[in-house]
Amino acid sequence: MHVQLLMEKSWPKVKSGLLYSGLIGLFLGGIGGGVDEIWAAIISTAVLISIFGAYNQTLKRNNGILSGLIAGGLVGLLVSLAGLPISRNINGILDGALFGLLSGIIAGGVIGVITHARPHEEDPLLTKIFLIVGSIGLGAFLGGGVGFIAGTVLGLISVSWHGSIVAALAGGIVGGYLGSYYEKLQWILLGASVIALATALSSLIGGALAGLVLGIISGSFAPMLFVALIGAYGGLASRGLVAMAVEALEAPSEMLIQGAVPFLVPAMMVGMMVGTAASGVGSLLVLPTALAVVGLALGVFGELEGKHNNQVTVRTIVEMTMMGTEEWPIRQAIRHVTGPNHLEALVGMGANLLVGLFGSVLGIMLGMQISQLVVRLIGSMS
């Protein structure tokens, strides 16, 4: 009886999101069918629509999550299209480093275009050109540095005798440091175990989703390695070799405890872009989905913070994720759909998921038909 009343109460809000869910599923399915990434399309649709449905049902307004979802998807599609000409599998450490460097430069350049410094109307033409070119150059420089480290790690995984072991080791290191945020041994062990398992499975499965996971882990190494080198130098200069090793090991953990979002998230994003680019055309599906989730999350944060005009734009996403921001209310966002609102969230998730998956299946069939038609047209012209 309680569930029936909840359905009657929540159905109008669920209905308002069904159209969006169907269109999102159709879009992702169309890409998946067109590039022959069927399972990636289904999984991406399920993840994105489930999150959207839960928050669409429980939040008072949905303009923030809708605008964030659309803006994030556009950023992901733009970056993946820009990197598609160089997209290929990584073979070797040097190859990975060079690929990561180039992919990072492209990603950083696109970000620089989006967030370029805006000149004043009275500024001379040369100043306006300098601000635009300088913004693009700075973005490319920073993106290239992170991409170089991420690509090196991905290259190391690709040449090892068993890549899943190296991937698990890399994931365990990152997970252990992330768990150290809570300053308790059980969280360190849990973080290391869970992320090590996720990265090992991703390495074994392969494909675009694996590129996403491995890219995030690889990108995380950049800020951790940077602060570890700073700590090592400080320890060596003050107390010797033993202090150098201790400071190098402790520095990433201290970075996380002191609030690492401005440092860690941008590196994760660039690593994600490099990893998905290395997975091939699947990046056209996985990267827009991942950044759509990020944009949706920013919309949720805005609603929970009570922003009056909560609109998430492409520039907002880039500035908050790639250029640093304060700590995000992640725990509050999770409690919002797992606390007293959990039944309402499940209703929204279930209804939107069914419609989204139906749209995804239709999109897959449509994408496959369009792909076959394009192939036949190209064949008839040659």
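On a predicted model such as this, the values are computed, not experimentally measured, just so you know. The figures here come from the full heavy-atom set of this structure, side chains too, leaving out hydrogens, waters and symmetry mates.
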Q: So which of V274, L98, V270 actually passes side chain to side chain contact (heavy atoms under 4.5 Å, CB included) with S103?
A: V274
Q: Does a side-chain N-to-carboxylate-O contact under 4.0 Å join K60 and E303?
A: no
Q: For the atom pair CG (L74) and OG1 (T313), what is the distance rounded to the nearest 0.5 Å?
A: 11.0 Å
Q: Side chains of L102 and F99: closer than 4.5 Å at any heavy-atom pair?
A: no
Q: Got a second to check how far I105's CD1 is from F148's CZ, nearest 0.5 Å?
A: 11.0 Å
Q: Taking all heavy atoms of S44 and all of T289, pick out the closest pair and write down the distance.
A: CB-OG1, 3.5 Å
Q: Kindly indicate whether the side chain of I230, heavy atoms from C-beta on, has any atom under 4.5 Å from the side chain of F226.
A: yes
Q: Do you know which two heavy atoms are closest between A192 and G172, and how far apart they sit?
A: CB-O, 3.4 Å
Q: Check whether T276 reaches the backbone of M273 with its side chain - one donor and one acceptor, N or O, closer than 3.5 Å.
A: yes
Q: Which distance, rounded to the nearest 0.5 Å, do you find between the CD1 of I42 and the CD1 of I364?
A: 4.5 Å
Q: Are any of the side-chain heavy atoms of L77 and S80 separated by less than 4.5 Å?
A: yes
Q: Looking at side-chain heavy atoms only, is the closest gap between H342 and V337 below 4.5 Å?
A: no
Q: From the options I65, V293, V47, L353, select the one residue that forms a side chain to side chain contact (heavy atoms under 4.5 Å, CB included) with F52.
A: I65
Q: Side chains of M269 and L291: does their closest heavy-atom pair fall under 4.5 Å?
A: yes
Q: Looking at side-chain heavy atoms only, is the closest gap between L48 and L69 below 4.5 Å?
A: yes
Q: Are any side-chain N or O atoms of S67 and backbone N or O atoms of N63, one a donor and one an acceptor, separated by less than 3.5 Å?
A: yes
Q: For M244, I'd like to know if atom CE has over 12 heavy atoms of other residues, nucleotides or ligands within 6.0 Å.
A: yes
Q: Considering residues at least two apart in sequence or located in another chain, which fulfil the side chain to side chain donor-acceptor pair (under 3.5 Å) criterion with S21?
A: N352
Q: Is L357 close to V361 at the side-chain level, that is, under 4.5 Å between some pair of heavy atoms?
A: no
Q: A side-chain contact here means heavy atoms from C-beta on lying under 4.5 Å apart; do M272 and M268 qualify?
A: no
Q: Find the distance between CG (L212) and CG (L285) and round it off to the nearest 0.5 Å.
A: 10.5 Å
